[in-house]
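We're numbering straight along the sequence, starting at 1.
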Amino acid sequence: MSYFLFQSRPIIKALLSVVLLSSCGQSQTTQQTYQGYVEGDYQFLASPYGGFLEHLNVERGARVNANALLFKVNDELARHELNEAQAQWQSLQDKVTNLNLPRRKPEIMAMQAQLKAMQANLQLSDQQLQRALNLFKKGSLPQAELDKAKATRDGDAARVTSAQEQWLSAKNSLGRSPEIKSADADLKAAEARLKQKQWQVDNTAIFAPVAGQVTETYFLPGEWVPAGQPIVSFLPDERRRIRFFVPETELTKLTLGQEITANCDGCLTAVKAKIVYIATFAEYSPPIIYSQDARAKLVFQVEAIPTIEVAPSLHPGLPMDVQLAGAL
């Protein structure tokens, strides 16, 4: 028995050497695997203008290309407001154009004739005031009648002064700059309102910003949709991410832009992706002071964006096994 053990020791040592070498080679070629899943950054698309949902061109789960029509809210009221803003803008535009034109000769002559008529009225009211003063001094006219004559003369004098300034301004083609400035300000305000109404009309129809998938619809055609209320949730292909978790001891192996490979149950080929986010804080930390054992429980969230070719096939929630590309 002892002879057998003595003779078999070299054989056992040889077998152990083979096993150890085999295990060492296996450990050197085995890559570290991290657990993760697919996540999506959803967009909730809405109309900035409330109204009845006129068209819903997609169903949940449907894939759409960029610029595909998703839905349209009835824009009848918005178009009425747009037409009103258009008419107001046109009216002010005509006013500004007219104010910038030089005064016409017949218009100046009419203003001059009006000035002469006002001057005649002033001359008459001056004579009536003088007679009222004489009668008042003799005691034949009450104070109220004298005050009335003074007020009439002062009013005529003010109208003559105003008419004279207008006539001189028209004659010299000057003096309308304050009026023009005010009209220009009104025109700019009307133009801004017109652009706002046009924007509202344009955004009653919403199109897919990029290629992606409609994940949910929240209204049916004919239902009233409040302004800003999401009608469709949308997941762009470029916003699908692989989220996985790395132990604290492995964090130094990762850098932004680093390539990873990921596999899933049923995946025919490995999915390639690039790391775009590494958390700066631990996802799970024990509610006790850190110790050597507790530090081993820390994990950090990492996110990677897959290539656009395979992104549509990755469904949010799908479990993924992640490895660093080229890691030993």
Side-chain angles (χ1 to χ4, degrees), residues 30-46 56-71 206-220 225 228-251 253-287 296-327:
T30 301
Q31 296 182 356
Q32 177 67 43
T33 299
Y34 309 106
Q35 301 303 313
Y37 58 92
V38 179
E39 184 59 278
D41 294 333
Y42 297 88
Q43 294 180 344
F44 296 91
L45 305 181
L56 182 62
N57 288 26
V58 292
E59 296 181 356
R60 61 178 183 175
R63 287 196 50 77
V64 295
N65 296 323
N67 300 318
L69 178 63
L70 300 179
F71 60 85
I206 302 299
F207 300 84
V210 293
Q213 183 178 21
V214 176
T215 57
E216 189 59 82
T217 60
Y218 303 107
F219 290 90
L220 295 175
V225 181
Q229 183 72 28
I231 298 175
V232 165
S233 64
F234 181 73
L235 178 57
D237 292 341
E238 59 192 35
R239 301 304 298 174
R240 297 173 191 253
R241 299 176 178 229
I242 299 175
R243 180 176 294 172
F244 59 100
F245 299 89
V246 177
E248 176 257 349
T249 54
E250 303 287 328
L251 195 62
K253 297 180 181 180
L254 307 181
T255 59
L256 294 178
Q258 184 176 357
E259 189 175 273
I260 67 165
T261 57
N263 289 278
C264 65
D265 296 338
C267 289
L268 299 179
T269 58
V271 177
K272 293 183 178 181
K274 287 187 177 180
I275 295 176
V276 295
Y277 172 75
I278 301 175
T280 57
F281 56 90
E283 282 292 307
Y284 306 103
S285 56
K297 300 178 183 178
L298 298 179
V299 293
F300 289 78
Q301 177 180 306
V302 182
E303 292 183 355
I305 294 182
T307 58
I308 197 65
E309 292 80 13
V310 300
S313 63
L314 302 178
H315 299 282
L318 181 67
M320 302 293 290
D321 296 327
V322 179
Q323 296 175 340
L324 301 182

### Query
If you measure from CZ on Phe245 to CD on Gln301, what distance do you get to the nearest 0.5 Å?
5.0 Å
### Task
Measure the CG-OH distance between Leu45 and Tyr218 for me, rounded to the nearest 0.5 Å.
10.0 Å
### Task
Mind checking side chain to side chain donor-acceptor pair (under 3.5 Å) for Asn263 and listing every partner two or more places apart, or none if nothing turns up?
none
### Which residues share a salt bridge (charged side-chain N to carboxylate O under 4.0 Å, His left out) with Arg60, sequence neighbours left out
Glu216
### Residue pair Val210 / Phe234: nearest heavy atoms and the distance that separates them
O-CZ, 3.2 Å
### Message
Can you list everything that forms a side chain to side chain donor-acceptor pair (under 3.5 Å) with Arg240? Sequence neighbours excluded, please.
### Response
Gln213
### Message
Could you tell me if the side chain of Val64 sits less than 4.5 Å from the side chain of Leu69, heavy atoms only?
### Response
no
Sequence neighbours left out, cut at 3.5 Å: what donor-acceptor pairs do the side chains of residues 264-281 make with other protein atoms?
none

### Query
If you round to the nearest 0.5 Å, how far is CZ of Arg239 from CD of Gln43?
8.0 Å
### Query
What pairs with Asp321 under salt bridge (charged side-chain N to carboxylate O under 4.0 Å, His left out), at least two apart in sequence or on another chain?
none
Enumerate, atom names and distances included, each donor-acceptor pair closer than 3.5 Å involving a side-chain atom of residues 306-319, sequence neighbours excluded.
from: Ser313; atom 1: OG; to: Val310; atom 2: O; distance (Å): 2.6

### Summary
Output for pair (Phe300 CZ, Phe244 CZ), nearest 0.5 Å, gives 13.5 Å
### Task
With sequence neighbours excluded, tell me which residues meet side chain to side chain donor-acceptor pair (under 3.5 Å) with Thr217.
none
### Task
For Glu238, enumerate each residue passing the salt bridge (charged side-chain N to carboxylate O under 4.0 Å, His left out) test, keeping only those at least two apart in sequence or located in another chain.
none
### Task
Applying side-chain contact (heavy atoms from CB on, under 4.5 Å), name anything that partners Phe219, two or more places apart in sequence or on another chain.
Leu53, Glu223, Val225, Pro226, Gln229, Ile231
### Query
If every non-hydrogen atom of Thr255 is compared with every non-hydrogen atom of Gln258, which pair is closest and at what distance?
N-OE1, 2.9 Å
### Summary
Heavy-atom nearest pair, Ile242 first then Ala262, reads CD1-CB, 4.0 Å
### Summary
Sorted by chain and residue number, the side chain to side chain donor-acceptor pair (under 3.5 Å) partners of Asp237 (sequence neighbours excluded) come out as Arg63
### Query
For Leu56 and Val232, what are the C-alpha separation, side-chain angles and deciding distance, and is it a side chain to side chain contact (heavy atoms under 4.5 Å, CB included)?
CA-CA 9 Å; Leu56 182 62; Val232 165; 4.2 Å; yes
### Query
In Å and rounded to the nearest 0.5 Å, what is the CD to CD distance from Glu303 to Glu39?
7.5 Å
